[in-house]
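Convention: sequence-line order gives letters A, B, ...; per-chain numbering from 1.
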Amino acid sequence: MTASVTSVIAKFYEEYAKTTPSKLKLIDAYLFYILLTGIVQFLYCCLVGTFPFNSFLSGFISCVGSFVLAACLRLQVNPENKGQFEKISPERAFADFIFAHMVLHLTVMNFIG
Amino acid sequence: MALIYSFLVLLLASYINADKETLVLLDNLAIRETHSIFFKSLTDRGFSLIFKPVDDSNLVLAKYGQYLYKNLIIFSPSVEEFGGSLSVEAITKFVDDGGNILIAGSSNSGDVLREITAECGFEVDEEGATVIDHLNYDVLDQGKHTTIVADTANLIDAQMIVGSKKTAPFLYRGTGLIADKENPLVLEVLTASSTAYSYKPDSPIEEYPHAVGKNTVLIAALQARNNARVVVSGSLDFFSDEFFSSPVQKALGGQKYPKSGNQDLSDSLTRWVFKEEGVLRVGKVSHHKAGEKDSPQYYTIMENMVYEIEIEKLEKDKWVPFDAKDIQLEFVRIDPFVRTVLTRGADGVFRTEFKIPDVYGVYQLKVDYTRVGYTFLNSATQVSVRPLEHTQYERFIVSAYPYYASAFSMMGGVFVFSILFLHYRTNEEVKKKSE
(Lines give C-alpha, C1' and ligand atoms only; values in the text may rest on other atoms or scores of the structure.)
Protein backbone atom coordinates (compact mmCIF):
# COMPACT_ATOMS: atom_id res chain seq x y z
CA MET A 1 0.00 0.00 0.00
CA THR A 2 2.63 2.54 1.07
CA ALA A 3 4.92 1.31 -1.66
CA SER A 4 2.36 2.22 -4.33
CA VAL A 5 1.71 5.64 -2.74
CA THR A 6 5.41 6.50 -2.60
CA SER A 7 5.90 5.32 -6.19
CA VAL A 8 2.93 7.49 -7.28
CA ILE A 9 4.38 10.50 -5.53
CA ALA A 10 7.83 9.89 -7.03
CA LYS A 11 6.35 9.53 -10.52
CA PHE A 12 4.27 12.68 -10.03
CA TYR A 13 7.28 14.66 -8.95
CA GLU A 14 9.32 13.40 -11.94
CA GLU A 15 6.56 14.29 -14.38
CA TYR A 16 6.13 17.69 -12.78
CA ALA A 17 9.85 18.48 -13.01
CA LYS A 18 9.95 17.46 -16.66
CA THR A 19 6.75 18.82 -18.15
CA THR A 20 6.10 22.09 -16.32
CA PRO A 21 7.46 25.27 -17.84
CA SER A 22 9.84 27.23 -15.57
CA LYS A 23 7.53 30.21 -15.36
CA LEU A 24 4.83 28.07 -13.79
CA LYS A 25 7.40 26.53 -11.45
CA LEU A 26 8.21 30.06 -10.29
CA ILE A 27 4.56 30.66 -9.49
CA ASP A 28 4.38 27.30 -7.73
CA ALA A 29 7.34 28.21 -5.54
CA TYR A 30 5.64 31.48 -4.65
CA LEU A 31 2.42 29.62 -3.85
CA PHE A 32 4.32 27.25 -1.57
CA TYR A 33 5.83 30.19 0.29
CA ILE A 34 2.37 31.72 0.84
CA LEU A 35 1.04 28.37 2.04
CA LEU A 36 3.83 28.06 4.62
CA THR A 37 3.22 31.57 5.92
CA GLY A 38 -0.51 30.86 6.23
CA ILE A 39 0.00 27.57 8.09
CA VAL A 40 2.49 29.11 10.52
CA GLN A 41 0.09 31.95 11.22
CA PHE A 42 -2.83 29.62 11.85
CA LEU A 43 -0.79 27.44 14.21
CA TYR A 44 0.28 30.55 16.09
CA CYS A 45 -3.35 31.57 16.50
CA CYS A 46 -4.31 28.09 17.75
CA LEU A 47 -1.52 28.26 20.33
CA VAL A 48 -1.88 31.82 21.59
CA GLY A 49 -5.62 32.33 21.19
CA THR A 50 -7.62 34.76 19.14
CA PHE A 51 -7.00 37.89 21.16
CA PRO A 52 -6.72 40.59 18.51
CA PHE A 53 -9.10 38.65 16.33
CA ASN A 54 -9.20 41.35 13.70
CA SER A 55 -5.40 41.20 13.34
CA PHE A 56 -5.48 37.42 12.99
CA LEU A 57 -8.22 37.55 10.40
CA SER A 58 -6.48 40.29 8.48
CA GLY A 59 -3.13 38.44 8.36
CA PHE A 60 -4.75 35.15 7.46
CA ILE A 61 -6.95 36.67 4.77
CA SER A 62 -3.90 38.35 3.33
CA CYS A 63 -2.26 34.90 2.93
CA VAL A 64 -5.39 33.26 1.59
CA GLY A 65 -6.10 36.12 -0.81
CA SER A 66 -2.56 36.16 -2.14
CA PHE A 67 -2.74 32.39 -2.65
CA VAL A 68 -5.97 32.64 -4.61
CA LEU A 69 -4.72 35.46 -6.79
CA ALA A 70 -1.46 33.66 -7.54
CA ALA A 71 -3.39 30.50 -8.41
CA CYS A 72 -5.60 32.51 -10.77
CA LEU A 73 -2.50 33.99 -12.41
CA ARG A 74 -1.05 30.51 -12.86
CA LEU A 75 -4.26 29.36 -14.53
CA GLN A 76 -4.43 32.27 -16.87
CA VAL A 77 -0.75 32.24 -17.82
CA ASN A 78 -0.52 28.48 -18.46
CA PRO A 79 -0.13 28.04 -22.23
CA GLU A 80 -2.12 24.77 -22.07
CA ASN A 81 -5.24 26.73 -21.00
CA LYS A 82 -4.98 29.19 -23.84
CA GLY A 83 -8.18 27.89 -25.36
CA GLN A 84 -10.23 28.86 -22.34
CA PHE A 85 -8.86 32.37 -21.92
CA GLU A 86 -9.00 33.71 -25.46
CA LYS A 87 -9.73 37.27 -24.56
CA ILE A 88 -7.18 37.46 -21.76
CA SER A 89 -3.53 37.68 -22.71
CA PRO A 90 -0.86 36.75 -20.15
CA GLU A 91 0.00 40.44 -19.80
CA ARG A 92 -3.61 41.26 -19.04
CA ALA A 93 -3.66 38.42 -16.50
CA PHE A 94 -0.65 39.86 -14.74
CA ALA A 95 -2.16 43.35 -14.73
CA ASP A 96 -5.33 41.99 -13.12
CA PHE A 97 -3.16 40.17 -10.60
CA ILE A 98 -1.38 43.36 -9.57
CA PHE A 99 -4.61 45.40 -9.41
CA ALA A 100 -6.33 42.81 -7.23
CA HIS A 101 -3.31 42.74 -4.93
CA MET A 102 -3.56 46.52 -4.51
CA VAL A 103 -7.12 46.16 -3.31
CA LEU A 104 -6.27 43.18 -1.09
CA HIS A 105 -3.43 44.91 0.71
CA LEU A 106 -5.42 48.10 1.18
CA THR A 107 -8.16 46.09 2.93
CA VAL A 108 -5.66 44.14 4.99
CA MET A 109 -3.95 47.29 6.25
CA ASN A 110 -7.28 48.82 7.18
CA PHE A 111 -8.49 45.80 9.06
CA ILE A 112 -5.29 44.82 10.79
CA GLY A 113 -5.86 47.52 13.44
CA MET B 1 -47.76 97.71 62.34
CA ALA B 2 -47.17 95.41 65.30
CA LEU B 3 -50.38 93.60 64.43
CA ILE B 4 -49.21 92.87 60.88
CA TYR B 5 -45.82 91.75 62.20
CA SER B 6 -47.35 89.37 64.76
CA PHE B 7 -49.75 88.07 62.12
CA LEU B 8 -46.83 87.28 59.81
CA VAL B 9 -44.97 85.54 62.62
CA LEU B 10 -48.03 83.45 63.42
CA LEU B 11 -48.39 82.54 59.74
CA LEU B 12 -44.74 81.49 59.62
CA ALA B 13 -45.09 79.49 62.83
CA SER B 14 -48.15 77.70 61.54
CA TYR B 15 -46.29 76.90 58.31
CA ILE B 16 -43.36 75.40 60.20
CA ASN B 17 -45.60 73.30 62.43
CA ALA B 18 -47.85 72.15 59.60
CA ASP B 19 -46.63 68.59 60.12
CA LYS B 20 -47.96 68.54 63.66
CA GLU B 21 -51.58 69.39 62.94
CA THR B 22 -53.60 66.43 64.17
CA LEU B 23 -57.32 65.79 64.12
CA VAL B 24 -58.54 63.54 66.94
CA LEU B 25 -61.94 61.88 66.43
CA LEU B 26 -63.59 60.64 69.61
CA ASP B 27 -66.71 58.60 70.30
CA ASN B 28 -67.45 60.76 73.27
CA LEU B 29 -65.48 63.54 74.83
CA ALA B 30 -64.94 61.47 77.99
CA ILE B 31 -62.11 59.72 76.13
CA ARG B 32 -60.22 62.98 76.29
CA GLU B 33 -60.11 62.57 80.07
CA THR B 34 -59.55 58.82 80.25
CA HIS B 35 -56.60 59.10 77.86
CA SER B 36 -55.21 62.36 79.18
CA ILE B 37 -51.65 61.12 79.67
CA PHE B 38 -51.49 59.99 76.05
CA PHE B 39 -52.78 63.29 74.67
CA LYS B 40 -50.60 65.31 76.99
CA SER B 41 -47.49 63.48 75.80
CA LEU B 42 -48.43 64.38 72.23
CA THR B 43 -48.99 68.04 72.94
CA ASP B 44 -45.71 68.11 74.87
CA ARG B 45 -43.94 66.97 71.69
CA GLY B 46 -45.37 69.88 69.74
CA PHE B 47 -48.49 68.35 68.20
CA SER B 48 -51.50 70.60 67.99
CA LEU B 49 -54.48 68.35 68.66
CA ILE B 50 -57.99 69.27 67.56
CA PHE B 51 -60.62 67.17 69.34
CA LYS B 52 -63.90 66.58 67.55
CA PRO B 53 -66.75 64.16 68.11
CA VAL B 54 -66.78 61.69 65.27
CA ASP B 55 -70.34 62.47 64.21
CA ASP B 56 -69.77 66.21 64.15
CA SER B 57 -71.43 67.49 61.00
CA ASN B 58 -68.72 70.06 60.37
CA LEU B 59 -65.86 67.62 59.98
CA VAL B 60 -63.53 68.45 57.10
CA LEU B 61 -60.08 67.13 56.35
CA ALA B 62 -59.30 69.43 53.45
CA LYS B 63 -60.29 72.95 52.61
CA TYR B 64 -59.85 74.46 49.15
CA GLY B 65 -57.81 71.43 48.08
CA GLN B 66 -55.30 71.70 50.94
CA TYR B 67 -55.32 69.32 53.89
CA LEU B 68 -55.87 70.99 57.22
CA TYR B 69 -54.25 68.15 59.11
CA LYS B 70 -51.22 65.99 58.52
CA ASN B 71 -52.20 63.30 61.02
CA LEU B 72 -55.44 61.69 62.09
CA ILE B 73 -56.21 59.87 65.32
CA ILE B 74 -59.41 57.82 65.29
CA PHE B 75 -60.24 56.84 68.86
CA SER B 76 -63.87 56.04 68.04
CA PRO B 77 -64.19 52.31 67.67
CA SER B 78 -67.98 52.10 67.70
CA VAL B 79 -68.55 54.72 65.04
CA GLU B 80 -71.38 53.90 62.63
CA GLU B 81 -71.00 56.78 60.25
CA PHE B 82 -68.66 59.70 60.04
CA GLY B 83 -70.02 63.20 60.26
CA GLY B 84 -69.40 66.07 57.91
CA SER B 85 -67.40 65.36 54.76
CA LEU B 86 -65.52 62.46 56.31
CA SER B 87 -66.06 58.96 54.98
CA VAL B 88 -64.07 55.81 54.35
CA GLU B 89 -63.17 57.13 50.88
CA ALA B 90 -62.09 60.49 52.29
CA ILE B 91 -59.87 58.78 54.85
CA THR B 92 -58.38 56.45 52.25
CA LYS B 93 -57.68 59.42 50.03
CA PHE B 94 -56.08 61.11 53.03
CA VAL B 95 -53.61 58.22 53.30
CA ASP B 96 -53.06 58.21 49.53
CA ASP B 97 -52.11 61.85 49.78
CA GLY B 98 -49.54 61.19 52.49
CA GLY B 99 -51.46 61.57 55.74
CA ASN B 100 -50.71 59.35 58.75
CA ILE B 101 -53.41 57.65 60.81
CA LEU B 102 -53.53 56.08 64.26
CA ILE B 103 -56.65 53.98 64.78
CA ALA B 104 -57.81 52.26 67.95
CA GLY B 105 -60.56 49.66 67.94
CA SER B 106 -62.26 47.73 70.68
CA SER B 107 -64.45 44.68 71.06
CA ASN B 108 -67.50 46.56 69.84
CA SER B 109 -65.96 48.05 66.71
CA GLY B 110 -68.29 49.41 64.10
CA ASP B 111 -68.34 48.28 60.49
CA VAL B 112 -66.94 51.59 59.33
CA LEU B 113 -63.76 50.83 61.23
CA ARG B 114 -63.63 47.44 59.53
CA GLU B 115 -63.85 49.13 56.15
CA ILE B 116 -61.04 51.55 56.89
CA THR B 117 -58.70 48.88 58.19
CA ALA B 118 -59.57 46.61 55.26
CA GLU B 119 -58.38 49.36 52.93
CA CYS B 120 -55.09 49.39 54.85
CA GLY B 121 -54.52 45.65 54.64
CA PHE B 122 -55.80 44.38 58.00
CA GLU B 123 -59.01 42.72 59.06
CA VAL B 124 -60.72 43.54 62.35
CA ASP B 125 -62.49 40.58 63.91
CA GLU B 126 -66.27 40.44 64.17
CA GLU B 127 -68.53 42.50 66.37
CA GLY B 128 -68.12 41.45 69.99
CA ALA B 129 -65.00 39.35 69.47
CA THR B 130 -62.26 39.93 72.01
CA VAL B 131 -58.77 38.55 72.36
CA ILE B 132 -58.87 35.91 75.07
CA ASP B 133 -55.83 34.26 76.57
CA HIS B 134 -56.42 31.80 79.37
CA LEU B 135 -52.75 31.54 80.23
CA ASN B 136 -51.53 35.12 79.97
CA TYR B 137 -54.17 37.29 81.62
CA ASP B 138 -53.53 39.96 84.18
CA VAL B 139 -54.37 39.68 87.92
CA LEU B 140 -56.75 42.60 87.55
CA ASP B 141 -58.82 40.82 84.93
CA GLN B 142 -62.58 40.78 85.52
CA GLY B 143 -62.90 37.03 85.11
CA LYS B 144 -63.29 36.60 81.37
CA HIS B 145 -59.51 36.51 80.74
CA THR B 146 -59.79 39.39 78.30
CA THR B 147 -57.28 41.75 79.91
CA ILE B 148 -54.25 40.02 78.59
CA VAL B 149 -50.57 40.54 79.12
CA ALA B 150 -48.49 40.71 75.97
CA ASP B 151 -44.80 40.01 76.37
CA THR B 152 -42.15 42.14 74.78
CA ALA B 153 -40.99 38.99 72.99
CA ASN B 154 -44.07 39.30 70.77
CA LEU B 155 -42.93 42.66 69.44
CA ILE B 156 -41.65 43.09 65.91
CA ASP B 157 -37.89 43.34 65.57
CA ALA B 158 -37.72 46.95 64.51
CA GLN B 159 -36.24 49.51 66.83
CA MET B 160 -37.51 52.33 64.68
CA ILE B 161 -41.12 51.40 65.34
CA VAL B 162 -41.20 49.96 68.86
CA GLY B 163 -38.15 51.46 70.53
CA SER B 164 -36.15 49.32 72.88
CA LYS B 165 -37.61 45.91 73.67
CA LYS B 166 -36.50 46.03 77.29
CA THR B 167 -39.73 47.49 78.67
CA ALA B 168 -42.30 45.85 80.91
CA PRO B 169 -44.98 43.68 79.29
CA PHE B 170 -48.09 45.34 77.89
CA LEU B 171 -51.71 45.27 79.00
CA TYR B 172 -54.30 44.80 76.30
CA ARG B 173 -58.05 44.52 76.21
CA GLY B 174 -59.78 44.58 72.87
CA THR B 175 -60.38 42.86 69.58
CA GLY B 176 -57.87 41.04 67.44
CA LEU B 177 -56.61 41.95 63.98
CA ILE B 178 -55.66 39.67 61.16
CA ALA B 179 -52.93 40.90 58.85
CA ASP B 180 -52.61 39.66 55.29
CA LYS B 181 -49.35 37.75 55.26
CA GLU B 182 -48.94 38.21 51.51
CA ASN B 183 -48.92 41.99 51.80
CA PRO B 184 -45.29 43.17 51.84
CA LEU B 185 -46.15 46.56 53.31
CA VAL B 186 -47.99 45.32 56.42
CA LEU B 187 -46.08 44.91 59.69
CA GLU B 188 -47.30 42.92 62.69
CA VAL B 189 -46.06 45.16 65.46
CA LEU B 190 -47.44 43.25 68.46
CA THR B 191 -48.90 39.77 68.25
CA ALA B 192 -50.62 37.78 70.94
CA SER B 193 -48.92 34.75 72.41
CA SER B 194 -49.55 31.30 70.98
CA THR B 195 -52.20 30.53 73.59
CA ALA B 196 -54.47 33.40 72.61
CA TYR B 197 -57.47 33.46 70.34
CA SER B 198 -60.11 35.96 69.34
CA TYR B 199 -63.77 35.11 69.96
CA LYS B 200 -66.90 36.39 71.72
CA PRO B 201 -66.17 35.76 75.41
CA ASP B 202 -69.76 34.87 76.35
CA SER B 203 -70.65 32.45 73.57
CA PRO B 204 -69.59 28.82 73.45
CA ILE B 205 -67.19 28.20 70.67
CA GLU B 206 -68.95 26.54 67.74
CA GLU B 207 -66.66 27.41 64.88
CA TYR B 208 -62.95 27.89 64.45
CA PRO B 209 -61.97 31.40 65.58
CA HIS B 210 -60.79 33.83 62.91
CA ALA B 211 -57.58 34.58 64.72
CA VAL B 212 -55.70 32.01 66.73
CA GLY B 213 -52.34 32.06 68.49
CA LYS B 214 -49.60 34.13 66.97
CA ASN B 215 -51.80 35.02 64.01
CA THR B 216 -53.80 37.26 66.34
CA VAL B 217 -52.30 40.66 65.77
CA LEU B 218 -52.83 43.17 68.55
CA ILE B 219 -51.17 46.16 66.95
CA ALA B 220 -50.53 46.30 63.20
CA ALA B 221 -48.79 48.91 61.06
CA LEU B 222 -48.61 49.78 57.39
CA GLN B 223 -46.16 51.97 55.54
CA ALA B 224 -47.71 52.74 52.16
CA ARG B 225 -45.63 53.15 49.03
CA ASN B 226 -45.94 56.93 49.33
CA ASN B 227 -44.49 56.59 52.87
CA ALA B 228 -47.79 57.36 54.63
CA ARG B 229 -48.01 55.43 57.88
CA VAL B 230 -51.02 53.77 59.49
CA VAL B 231 -51.05 52.06 62.90
CA VAL B 232 -54.11 50.13 64.03
CA SER B 233 -54.48 48.89 67.58
CA GLY B 234 -57.34 46.57 68.43
CA SER B 235 -57.61 48.05 71.90
CA LEU B 236 -58.55 51.63 72.79
CA ASP B 237 -57.80 50.80 76.41
CA PHE B 238 -54.17 50.19 75.45
CA PHE B 239 -53.71 53.98 75.37
CA SER B 240 -55.80 54.71 78.43
CA ASP B 241 -54.48 56.29 81.62
CA GLU B 242 -55.63 53.23 83.53
CA PHE B 243 -53.40 50.89 81.53
CA PHE B 244 -50.51 53.35 81.35
CA SER B 245 -50.16 53.53 85.10
CA SER B 246 -51.30 50.06 86.10
CA PRO B 247 -48.86 47.42 87.38
CA VAL B 248 -48.62 44.23 85.38
CA GLN B 249 -48.60 40.71 86.75
CA LYS B 250 -49.74 37.52 85.07
CA ALA B 251 -52.43 35.85 87.13
CA LEU B 252 -50.92 32.40 86.70
CA GLY B 253 -47.68 33.43 88.33
CA GLY B 254 -45.06 35.73 87.01
CA GLN B 255 -42.98 38.72 87.81
CA LYS B 256 -44.81 41.80 89.01
CA TYR B 257 -43.90 44.93 87.10
CA PRO B 258 -44.78 48.22 88.85
CA LYS B 259 -45.75 49.89 85.61
CA SER B 260 -46.82 48.46 82.28
CA GLY B 261 -44.82 49.10 79.16
CA ASN B 262 -47.87 50.62 77.42
CA GLN B 263 -46.73 54.21 77.69
CA ASP B 264 -43.25 53.47 76.32
CA LEU B 265 -44.66 51.50 73.40
CA SER B 266 -47.29 54.11 72.60
CA ASP B 267 -44.57 56.77 72.72
CA SER B 268 -42.42 54.90 70.19
CA LEU B 269 -45.43 54.07 68.03
CA THR B 270 -46.63 57.65 67.85
CA ARG B 271 -43.13 58.81 67.09
CA TRP B 272 -43.01 56.39 64.17
CA VAL B 273 -46.51 56.86 62.83
CA PHE B 274 -46.43 60.66 62.92
CA LYS B 275 -43.11 60.71 61.08
CA GLU B 276 -40.86 61.90 63.85
CA GLU B 277 -38.68 58.80 63.60
CA GLY B 278 -37.41 56.72 60.76
CA VAL B 279 -37.73 59.33 58.03
CA LEU B 280 -35.02 59.46 55.39
CA ARG B 281 -34.49 61.65 52.40
CA VAL B 282 -32.00 61.89 49.57
CA GLY B 283 -29.92 65.04 49.32
CA LYS B 284 -27.49 65.72 46.53
CA VAL B 285 -26.61 62.99 44.02
CA SER B 286 -23.53 63.38 41.86
CA HIS B 287 -21.36 61.21 39.64
CA HIS B 288 -18.16 61.84 37.75
CA LYS B 289 -15.12 60.10 36.28
CA ALA B 290 -12.47 59.07 38.79
CA GLY B 291 -10.08 61.94 39.19
CA GLU B 292 -12.42 64.62 37.89
CA LYS B 293 -14.96 66.81 39.62
CA ASP B 294 -17.72 67.63 37.13
CA SER B 295 -20.30 65.29 35.70
CA PRO B 296 -19.45 64.56 32.07
CA GLN B 297 -22.04 64.44 29.31
CA TYR B 298 -21.39 60.77 28.71
CA TYR B 299 -19.08 57.99 29.83
CA THR B 300 -17.07 55.49 27.79
CA ILE B 301 -16.99 51.77 28.47
CA MET B 302 -14.38 50.45 30.92
CA GLU B 303 -13.84 53.80 32.61
CA ASN B 304 -13.72 54.27 36.38
CA MET B 305 -16.69 56.12 37.77
CA VAL B 306 -17.35 57.66 41.20
CA TYR B 307 -20.89 57.98 42.59
CA GLU B 308 -21.81 60.14 45.57
CA ILE B 309 -25.10 60.50 47.39
CA GLU B 310 -26.17 62.40 50.48
CA ILE B 311 -28.76 60.71 52.67
CA GLU B 312 -30.28 62.53 55.61
CA LYS B 313 -32.38 61.37 58.54
CA LEU B 314 -34.91 63.38 60.47
CA GLU B 315 -33.92 63.67 64.10
CA LYS B 316 -35.86 65.99 66.43
CA ASP B 317 -37.10 68.12 63.55
CA LYS B 318 -33.62 68.51 62.06
CA TRP B 319 -32.08 66.73 59.11
CA VAL B 320 -28.82 65.06 60.10
CA PRO B 321 -26.55 62.86 57.96
CA PHE B 322 -27.60 59.24 58.02
CA ASP B 323 -25.31 56.34 58.81
CA ALA B 324 -25.72 52.80 57.56
CA LYS B 325 -23.42 50.09 56.27
CA ASP B 326 -25.77 48.32 53.90
CA ILE B 327 -26.85 50.85 51.29
CA GLN B 328 -26.31 49.40 47.83
CA LEU B 329 -25.86 51.02 44.45
CA GLU B 330 -26.99 49.26 41.28
CA PHE B 331 -25.76 50.12 37.81
CA VAL B 332 -28.69 48.90 35.75
CA ARG B 333 -29.35 48.57 32.05
CA ILE B 334 -32.47 46.42 32.26
CA ASP B 335 -30.40 44.02 34.38
CA PRO B 336 -27.92 45.23 36.97
CA PHE B 337 -24.36 45.03 35.67
CA VAL B 338 -22.70 46.32 38.83
CA ARG B 339 -23.95 46.08 42.41
CA THR B 340 -21.74 47.56 45.13
CA VAL B 341 -22.05 48.79 48.69
CA LEU B 342 -21.82 52.50 49.35
CA THR B 343 -19.37 53.49 52.05
CA ARG B 344 -19.79 56.56 54.17
CA GLY B 345 -17.02 59.11 54.04
CA ALA B 346 -15.96 61.41 56.83
CA ASP B 347 -18.16 64.19 55.46
CA GLY B 348 -21.29 62.04 55.71
CA VAL B 349 -21.54 61.48 51.96
CA PHE B 350 -21.97 57.92 50.71
CA ARG B 351 -19.69 57.17 47.79
CA THR B 352 -18.27 54.32 45.80
CA GLU B 353 -15.96 53.86 42.82
CA PHE B 354 -16.42 51.14 40.25
CA LYS B 355 -15.48 50.23 36.68
CA ILE B 356 -18.11 50.71 34.01
CA PRO B 357 -18.65 47.33 32.28
CA ASP B 358 -17.59 46.48 28.74
CA VAL B 359 -21.15 47.00 27.46
CA TYR B 360 -22.40 50.32 26.14
CA GLY B 361 -25.92 51.69 26.50
CA VAL B 362 -28.09 53.87 28.70
CA TYR B 363 -27.75 52.95 32.36
CA GLN B 364 -29.41 54.02 35.58
CA LEU B 365 -27.62 54.49 38.87
CA LYS B 366 -30.19 53.17 41.33
CA VAL B 367 -30.23 53.37 45.09
CA ASP B 368 -33.22 51.47 46.48
CA TYR B 369 -33.08 51.31 50.29
CA THR B 370 -36.01 49.53 51.93
CA ARG B 371 -35.69 48.69 55.59
CA VAL B 372 -38.35 47.97 58.20
CA GLY B 373 -39.27 51.15 60.00
CA TYR B 374 -37.63 53.57 57.56
CA THR B 375 -39.30 55.40 54.73
CA PHE B 376 -38.62 53.95 51.31
CA LEU B 377 -35.58 55.56 49.75
CA ASN B 378 -35.45 55.60 45.96
CA SER B 379 -33.05 57.44 43.74
CA ALA B 380 -32.40 56.84 40.03
CA THR B 381 -30.00 58.82 37.86
CA GLN B 382 -29.61 58.15 34.16
CA VAL B 383 -26.21 58.11 32.42
CA SER B 384 -25.19 57.15 28.91
CA VAL B 385 -22.17 54.99 28.20
CA ARG B 386 -20.67 55.12 24.75
CA PRO B 387 -18.50 52.52 22.97
CA LEU B 388 -14.85 53.23 22.19
CA GLU B 389 -14.12 55.74 19.48
CA HIS B 390 -12.29 54.52 16.40
CA THR B 391 -9.06 55.99 17.71
CA GLN B 392 -9.40 54.63 21.24
CA TYR B 393 -8.75 50.99 20.44
CA GLU B 394 -5.41 49.38 21.26
CA ARG B 395 -2.83 49.46 18.51
CA PHE B 396 0.48 47.61 17.93
CA ILE B 397 -0.49 44.80 20.26
CA VAL B 398 2.59 42.67 20.94
CA SER B 399 0.78 39.37 20.57
CA ALA B 400 -0.32 40.38 17.10
CA TYR B 401 3.19 40.98 15.75
CA PRO B 402 3.23 37.69 13.77
CA TYR B 403 0.10 38.81 11.95
CA TYR B 404 1.61 42.18 11.11
CA ALA B 405 4.75 40.35 9.95
CA SER B 406 2.79 37.99 7.71
CA ALA B 407 0.78 40.83 6.12
CA PHE B 408 3.92 42.79 5.30
CA SER B 409 5.71 39.68 4.10
CA MET B 410 2.84 39.02 1.69
CA MET B 411 3.25 42.50 0.29
CA GLY B 412 6.98 42.03 0.01
CA GLY B 413 6.46 38.64 -1.54
CA VAL B 414 4.22 40.04 -4.28
CA PHE B 415 6.77 42.70 -5.06
CA VAL B 416 9.69 40.24 -5.36
CA PHE B 417 7.61 37.72 -7.25
CA SER B 418 6.40 40.22 -9.80
CA ILE B 419 9.94 41.45 -10.47
CA LEU B 420 11.11 37.88 -11.03
CA PHE B 421 8.05 37.00 -13.12
CA LEU B 422 8.37 39.97 -15.41
CA HIS B 423 12.11 39.70 -15.99
CA TYR B 424 12.12 35.93 -16.29
CA ARG B 425 13.44 34.56 -19.54
CA THR B 426 13.76 30.87 -20.31
CA ASN B 427 16.86 29.52 -22.07
CA GLU B 428 15.00 29.47 -25.43
CA GLU B 429 14.01 33.08 -25.15
CA VAL B 430 17.55 34.12 -24.26
CA LYS B 431 18.83 32.23 -27.28
CA LYS B 432 16.18 33.80 -29.50
CA LYS B 433 17.04 37.25 -28.32
CA SER B 434 20.69 36.80 -28.92
CA GLU B 435 20.06 35.62 -32.50
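Around atom OH of B/Tyr360, no more than 12 heavy atoms belonging to other residues, nucleotides or ligands sit under 6.0 Å away. Counting heavy atoms of neighbouring residues, nucleotides and ligands inside a 6.0 Å radius, atom CG of A/Leu47 exceeds 12 of them. Heavy-atom contacts from other residues, nucleotides or ligands closer than 6.0 Å to CD of B/Gln159 number 12 or fewer. When the shell of 6.0 Å around CG of B/Asp326 is examined, it contains more than 12 heavy atoms from other residues, nucleotides or ligands. Annotation: B/Lys181, atom NZ; neighbour count of heavy atoms from other residues, nucleotides and ligands within 6.0 Å is above 12. In the displayed structure, A/Phe42 atom CZ is contacted under 6.0 Å by at most 12 heavy atoms of other residues, nucleotides or ligands. Counted within 6.0 Å of CZ on A/Phe32, heavy atoms from surrounding residues, nucleotides or ligands total 12 or fewer; the atom is thus considered open.
For the atom pair NZ of A/Lys25 and OH of B/Tyr424, the computed distance is 8.0 Å after rounding to the nearest 0.5 Å. Note that the CD1 atom of A/Ile112 and the CZ atom of B/Phe408 stand 6.5 Å from one another [nearest 0.5 Å].
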Decide side-chain hydrogen bond (donor to acceptor under 3.5 Å, both in side chains) for B/Tyr403 and A/Ser58; before the verdict, give the C-alpha distance in whole Å, the side-chain angles of both, and the deciding distance to 0.1 Å.
CA-CA 8 Å; B/Tyr403 309 128; A/Ser58 164; over 6 Å; no

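The shortest distance between side-chain heavy atoms of B/Tyr404 and A/Met109 does not fall below 4.5 Å. Between A/Phe67 and B/Met410 the shortest side-chain heavy-atom distance does not fall below 4.5 Å.
Interface residue B/Leu420: backbone and side-chain heavy atoms are both found under 4.5 Å from chain A. Of the atoms belonging to A/Val40, not a single heavy atom falls under 4.5 Å from chain B. Neither the backbone nor the side chain of B/Tyr393 comes within contact range of chain A, judged by heavy atoms closer than 4.5 Å. Only the side chain of A/Tyr30 comes within contact range of chain B, with at least one heavy atom under 4.5 Å from a heavy atom of that chain.
Ring geometry, B/Phe417 versus A/Phe97: the interplanar angle exceeds 60°, so the pair is classed perpendicular (tilted spans 30 to 60°).
When all heavy atoms of B/Ile397 and A/Phe51 are compared, the closest pair comes out as CG2-CE2, 3.5 Å.
Note on A/Ala29, A/Gly59, A/Ser55: by heavy-atom pairs under 4.5 Å with chain B, the leading option is A/Ser55. Of all the listed residues (A/Leu69, A/Val48, A/Val108, A/Ile27), the one sharing the greatest number of non-hydrogen pairs under 4.5 Å with chain B is A/Ile27.
Sorted by first and then second residue, the side chain to side chain donor-acceptor pair (under 3.5 Å) pairs with a member in residues 31-53 of chain A read A/Tyr33-B/Ser409, A/Gln41-B/Ser406; sequence neighbours excluded.
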